[in-house]
Amino acid sequence: MAYNHNVPENCRLFILVGKGIKEDAFREAFGKYGKIEDVWVVKDRRSNEDKGVVYITFSKASEAALAMQEMNGRVVPGHPKPIKVLIANSKRDGSVRDPHEDEKILRLFLIIPKSMSEDELRREFEQYGDIDYATILRDKNNGESKGFGYVKFFRPYHAALALENCDRSFKPKFAEPKMPRGDRDNDYEMDYQYSRETRPPGPFFRGPDRGPDRGPDRGPDRHERGTKRGFSEYSGRDDYHDDGPPRSRFSHGPVVGEGPMEMIQNYANSGCQRLHVTAPLGLTQQYLTRLFSLIPGLEYCDLNEATGIAYARYTTPQCAAYAKDKLDGFEYPLGSRLIVRFADVPNVPDLKTASAMNFENYGIPGSSLERDECDTIRKAALILEKAGINPDRVLASDNSVERVTYCNILLPLPKPLSPEDSSLAQRLFIVCQPAAVPERILRDAFCRFGDLIDVYLLSGRNYGYAKYASKECAMKAISVLHGQSIAGQRLKVLEAEPPKDENRREGRDRHDSHSE
DNA sequence: CGACGGGACGC
DNA sequence: CGACGGGACGC
């Protein structure tokens, strides 16, 4: 399936280059940010000359957004001019520029439990990055939640991370822009011009981790401000890079002959030595500590394996900033990314620099690290893995099962989900006793038997359903999971009774024909 | 005992 | 500096 219309949204980059495009150089430069699905160098139909445009499709929106953030304005080897990198419009939208196009990559539409407040919503999502606003739609008359709302980030990368990693019960989607296409509004038009030309201080220039200290301009108008400010700014590398100057080498462009020490020293003092880490389920204390100790100056790294939340502390703020920059978004295991944030509200920066440290002591082979620390750390992780320093997901000689921290028994390895529109073969009824289990854990457990379409608990309840596209997989899930303990809760897994109020048609051979 | 989910932004 | 190919549904 090399060609697939069902690629996730916002996975494709639109890159402006000059002529003489070398595809391999682009694969090389962009490949480190994720899995590249397609590279297309656009050529003129007749002359076969480059049109100066490259499209790169990644497997995930977060990879594309990270690549944009890191590569925009950079020079690709063999190409004289700095490139411009944007998230591509969908093919359907063509080259139309929407005055609200930033909302397509910064704002999520979410299904939200009716009991959840906007503050809770914000707290839930700020683990993925700085939030512009979090709104819940309410009934005009009684103020009750309508069960959905929006969260807008300042950076496409953070929005994509939230989309991919938040609890699936939020059913996250990139929000459609508020106004219909072509419905011009003069205020927005003016703001658009203004923000592009002069770029006043605004949300984009706030530090990422200022906590509640967001300045005096935070108030009831923040929704409005957030909507207007800085839109269409996402393409500038300054706009979406996390930290103020001095920057990492990523935002400086290629740095030659600058060693890791200098690089760490050049990091802005965030005033924060402690990092908050969201780790994928199943990652172990030992593995995480090894990973974070690859960055010099680690004091400790404490992981709560039940929640996947860890705190790591470094000897200097610069080291912490460096670790955050290098490990945030680090993908391990495949498909899961670490999320690394400053744990504390940074103080006013001072100019202390990192004390002398030596990468050579950290056992990274070929640890010159001058070209690409991310890549080196990846390699180091692979080496650790080969050396058996591994999350203990994989246990025993039997490669078909593994130990996961949330469950009392060994489980089969995770398997991909079936598409949401798969036809339902078997439904299971699930009870968690005495209390509910987070859906991400249920999902991780129930997907392991294959062909899982969806698993969810009814909101505010400790029971729910799992839907499978194959009966065998569903029955296997019952046989393995029923009676076991997951995240400290006893699990009941039964075949579900048919839905209560369903107009039943007993027609045997009437299978769902997909529409459209 | 424990039985059936939610969906687009006041102008 | 600003926008769309090749491939192709089904044994």
Side-chain angles (χ1 to χ4, degrees), chain A residues 1-6 12-19 38-45 48 50-57 73 80-97 100-101 103 107-116 133 135-141 145-152 168-180 183 185 187 223-224 227 232 235 427-436 439 454-467 490-502 514 516:
Chain A
M1 251 192 240
Y3 185 68
N4 181 5
H5 281 290
N6 293 326
R12 197 170 60 131
L13 297 179
F14 171 58
I15 305 166
L16 291 145
V17 212
K19 313 275 175 176
D38 187 37
V39 176
W40 170 27
V41 177
V42 180
K43 299 199 187 279
D44 184 273
R45 266 245 169 69
N48 205 35
D50 288 352
K51 291 179 88 171
V53 167
V54 180
Y55 290 98
I56 297 181
T57 306
K81 289 196 298 185
I83 60 176
K84 188 167 178 177
V85 186
L86 303 100
I87 305 290
N89 279 350
S90 71
K91 282 193 175 182
R92 194 198 54 147
D93 292 347
S95 59
V96 177
R97 298 188 63 178
H100 297 275
E101 60 192 356
E103 296 190 342
R107 200 171 70 128
L108 302 182
F109 174 72
L110 304 162
I111 301 302
I112 299 159
K114 291 219 166 53
S115 59
M116 188 177 257
Y133 61 77
T135 53
I136 292 174
L137 276 81
R138 295 181 182 282
D139 186 284
K140 293 161 214 159
N141 302 319
S145 166
K146 291 165 94 169
F148 63 90
Y150 299 91
V151 170
K152 190 176 179 197
R168 299 340 277 165
S169 62
F170 285 111
K171 290 282 150 83
K173 291 187 167 140
F174 285 107
E176 291 298 322
K178 194 173 194 171
M179 298 286 209
D183 186 0
D185 178 297
D187 285 352
H223 183 295
E224 197 58 14
T227 303
S232 290
S235 59
R427 229 163 46 113
L428 304 182
F429 180 57
I430 302 166
V431 186
C432 309
Q433 286 170 322
E439 272 180 23
D454 192 17
V455 56
Y456 61 94
L457 300 183
L458 300 191
S459 81
R461 298 284 144 92
N462 66 331
Y463 52 85
Y465 298 88
K467 300 199 239 179
R490 180 73 69 181
L491 208 59
K492 285 187 181 180
V493 186
L494 321 165
E495 291 185 62
E497 297 297 329
K500 194 163 70 178
D501 182 20
E502 198 78 13
H514 54 272
E516 203 178 351

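Naming convention: chains lettered A, B, ... in sequence-line order (proteins, then strands); numbering from 1 in each chain.
Note on A/Pro434: nothing from the nucleic acid sits closer than 4.0 angstrom, heavy atoms only. Among the atoms of the strands shown, none is found under 4.0 Å from any heavy atom of A/Pro172. A/Lys467 comes within contact range of at least one nucleobase, with a heavy-atom separation under 4.0 Å. As judged by a 4.0 angstrom heavy-atom cut-off over every strand, A/Asp454 is placed among the base-contacting residues. When heavy atoms are screened at a 4.0 angstrom cut-off, A/Phe148 is found touching the sugar-phosphate backbone but no base atom. Nucleic acid contact class of A/Tyr465 (heavy atoms, under 4.0 Å, all strands): base.
Contact check, A/Lys146 against B/dG6: no side-chain N or O comes under 4.0 Å of OP1 or OP2. Between A/Arg461 and B/dA3 there is no side-chain polar atom (N or O) within less than 4.0 angstrom of OP1 or OP2. OP1 and OP2 of B/dG5 both lie 4.0 Å or more from every side-chain N or O belonging to A/Tyr456.
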A/Phe174 vs A/Phe109, ring pair (Phe, Tyr, Trp, His ring centres under 6.0 Å): CA-CA, chis, key distance, verdict: CA-CA 6 Å; A/Phe174 285 107; A/Phe109 174 72; over 10 Å; no
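In the set C/dC4, B/dG10, B/dG5, C/dC4 carries the atom at the smallest distance from any side-chain atom of A/Trp40. The side chain of A/Tyr463 sits closest to B/dG2 out of B/dG2, C/dC4, B/dG7. Of the candidates C/dC4, C/dG2, B/dA8, C/dG2 carries the atom nearest the A/Lys84 side chain, counting heavy atoms from C-beta on.
To the nearest angstrom, P of B/dG5 lies 13 Å from CD of A/Glu439. Atom CD of A/Glu497 is separated from atom C1' of B/dC1 by 15 Å (rounded to the nearest Å). For A/Ile112 and B/dG6, the CD1 to P distance is 15 Å, given to the nearest whole Å.
For the pair A/Ser90 and A/Lys81, nearest-nucleotide mapping onto DNA chain C gives the more 5' position to A/Lys81. Two residues, A/Val17 and A/Lys51, neighbour DNA chain C, and the one matched to the more 5' nucleotide by heavy-atom proximity is A/Val17.
The aromatic ring of A/Tyr55 does not stack onto the base of C/dA3, failing the criterion of a centre distance under 5.5 Å from the six-membered base ring together with planes under 30° apart.
For A/Lys171 and B/dG6, a side-chain-to-base donor-acceptor distance below 3.5 Å is present, hydrogens and geometry of angles not being considered.
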